[in-house]
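For reference, the structure discussed in these notes is given below.
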Amino acid sequence: MRIDMGAESDFWKAGPGARVQSFARVFGRGLADLILPPPEAPGPAGRIGAALTSAEWSRITFLEDPVCDGCGAPFTVDSGDFAEGRCAPCLAHPLAFARARAACLYDDGSRPLILRFKHADDQPLAPLFARWLSRSARPLLDEADAVVPVPLHPSRLLARRFNQAAEIARPLARTERLDYLPDSLVRRAATASQGGLGARGRKQNVKGVFLVPEDRRGRLRGRRILLVDDVLTTGATAEACARALLDAGARAVDLAVVARVQSARTMPR
């Protein structure tokens, strides 16, 4: 918020009442820009809103139908009304989570933003990602009873200072007026990073790692849960989380992620 310097002398020449009105208008514009950012913020970077530049927007590959209902992978062609709603791997080997949606592809366009959010503490991206999910995961949100983020182990949380999945899930649940259950699922063991591991290695790395504490099972029993994470690669982490939630009595678990890899063939079988 700032007063145009060219009008500064006029501002001080005005009477007290006029100065109050002028300040109120400027303050109101600044507050409106904070709540509803303008389409293009001023400055050399040309940032849109609080998070992205126009160049960054142009590099994002947002996912539109048709996508696999099971894993969210994009279909290369729309085969019409009589086509299967799921890819061949999902038909042959259904996943623990019932359905999945991703806002965009995890590629050279989205990867820098997600890594910036996770490792450079770029917090304005969290509500932006939540808005992306409110659109891409609409069919899942319409049937969800509660939202649960993929948890971090306390040691990882201490090092990173925040759980990126929780930062996305919280505003999403608030906007959709769904129960937000951040402590219903816990990670009971610190594991090696999934980066660099293949599908089988990732699956083994998280096997038995997630659980629902006994005193929190009542909040999940009989309910459809939307599990939220930032990225879907092999699906090993989401599978392990979904199994833990189902074992605790959840009726079904769906998955919403900001980004996913291109091919369904990378999913573990």
Seminar exercise, completed: Only residue of Leu246, Leu255, Leu220, Val147 satisfying side-chain contact (heavy atoms from CB on, under 4.5 Å) with Ile225 is Leu220
Can you give me the closest heavy-atom contact between [X] and [Y], atom names plus distance?
{"X": "Arg243", "Y": "Ala96", "answer": "CG-CB, 3.7 Å"}
{"X": "Pro151", "Y": "Arg187", "answer": "O-NH1, 3.5 Å"}
{"X": "Ala244", "Y": "Phe210", "answer": "CB-O, 3.5 Å"}
{"X": "Leu113", "Y": "Leu125", "answer": "O-CD1, 3.4 Å"}
{"X": "Asp254", "Y": "Ala98", "answer": "OD1-CB, 3.4 Å"}
{"X": "Val228", "Y": "Ala165", "answer": "O-CB, 3.5 Å"}

So how far is it from [X] [atom1] to [Y] [atom2], rounded to the nearest 0.5 Å?
{"X": "Lys118", "Y": "Phe162", "atom1": "NZ", "atom2": "CZ", "value": "9.0 Å"}
{"X": "Asp69", "Y": "Leu140", "atom1": "CG", "atom2": "CG", "value": "7.5 Å"}
{"X": "Asp145", "Y": "Arg219", "atom1": "CG", "atom2": "CZ", "value": "14.0 Å"}
{"X": "Arg135", "Y": "Leu141", "atom1": "CZ", "atom2": "CG", "value": "13.0 Å"}
{"X": "Ile114", "Y": "Tyr106", "atom1": "CD1", "atom2": "OH", "value": "6.0 Å"}
{"X": "Glu239", "Y": "Leu232", "atom1": "CD", "atom2": "CG", "value": "10.0 Å"}

Exercise. Is it the case that Asp107 and Thr61 place a side-chain donor and acceptor less than 3.5 Å from each other?
Worked result: yes
Taking side chain as C-beta onward, heavy atoms only, is [X] less than 4.5 Å from [Y]?
{"X": "Tyr180", "Y": "Pro149", "value": "yes"}
{"X": "Val258", "Y": "Ser110", "value": "no"}
{"X": "Leu211", "Y": "Asp247", "value": "no"}
{"X": "Arg216", "Y": "Val186", "value": "yes"}
{"X": "Leu185", "Y": "Cys241", "value": "yes"}
{"X": "Pro74", "Y": "Leu105", "value": "yes"}
{"X": "Leu128", "Y": "Pro124", "value": "no"}

For this session: Apply the test side chain to side chain contact (heavy atoms under 4.5 Å, CB included) to residues Val150 and Leu227: give CA-CA distance (whole Å), side-chain angles for both, the deciding distance (0.1 Å), then the verdict.
Result: CA-CA 7 Å; Val150 171; Leu227 182 68; 3.8 Å; yes
For this session: Could you pull out all residues at least two apart from Arg138 that satisfy salt bridge (charged side-chain N to carboxylate O under 4.0 Å, His left out)?
Result: Asp142, Glu176
For this session: Considering only NZ, NE, NH1 and NH2 on the basic side and carboxylate oxygens on the acidic side, decide whether Glu56 and Arg59 come within less than 4.0 Å.
Result: no
For this session: Please determine if Arg251 and Glu143 form a salt bridge, counting it only when a charged side-chain N lies under 4.0 Å from a carboxylate O.
Result: no
Exercise. ring-ring contact (aromatic ring centres under 6.0 Å, His included): which pairs involve residues 120-150, sequence neighbours left out?
Worked result: Trp57-Trp132, Phe62-Trp132, Phe117-Phe129, Phe129-Trp132
For this session: Would you please test His119 and Gln164 for side chain to side chain contact (heavy atoms under 4.5 Å, CB included) and show each step?
Result: CA-CA 9 Å; His119 302 298; Gln164 74 277 2; over 6 Å; no
Exercise. Picking from Arg170, Arg223, Arg224, what satisfies salt bridge (charged side-chain N to carboxylate O under 4.0 Å, His left out) with Asp179?
Worked result: Arg223
Exercise. Counting only N and O atoms by type, is there a donor-acceptor contact under 3.5 Å from the side chain of Thr175 to the main-chain atoms of Leu172?
Worked result: no
Exercise. Are Cys90 and Leu95 close enough, and set up right, to give a side chain to side chain contact (heavy atoms under 4.5 Å, CB included), and what steps lead you there?
Worked result: CA-CA 7 Å; Cys90 283; Leu95 298 156; 4.0 Å; yes
Exercise. Hey, mind stepping through Asp229 and Arg260 against salt bridge (Lys or Arg N to Asp or Glu O under 4.0 Å) and telling me if it holds?
Worked result: CA-CA 10 Å; Asp229 204 1; Arg260 62 149 295 134; over 6 Å; no
Exercise. Has Asp215 got more than 12 heavy atoms of other residues, nucleotides or ligands less than 6.0 Å from its CG?
Worked result: yes
Exercise. Under a single-linkage definition using a 4.5 Å side-chain heavy-atom cutoff for Ile, Leu, Val, Met, Phe, Trp and Tyr, are Val67 and Val231 assigned to the same hydrophobic cluster?
Worked result: no
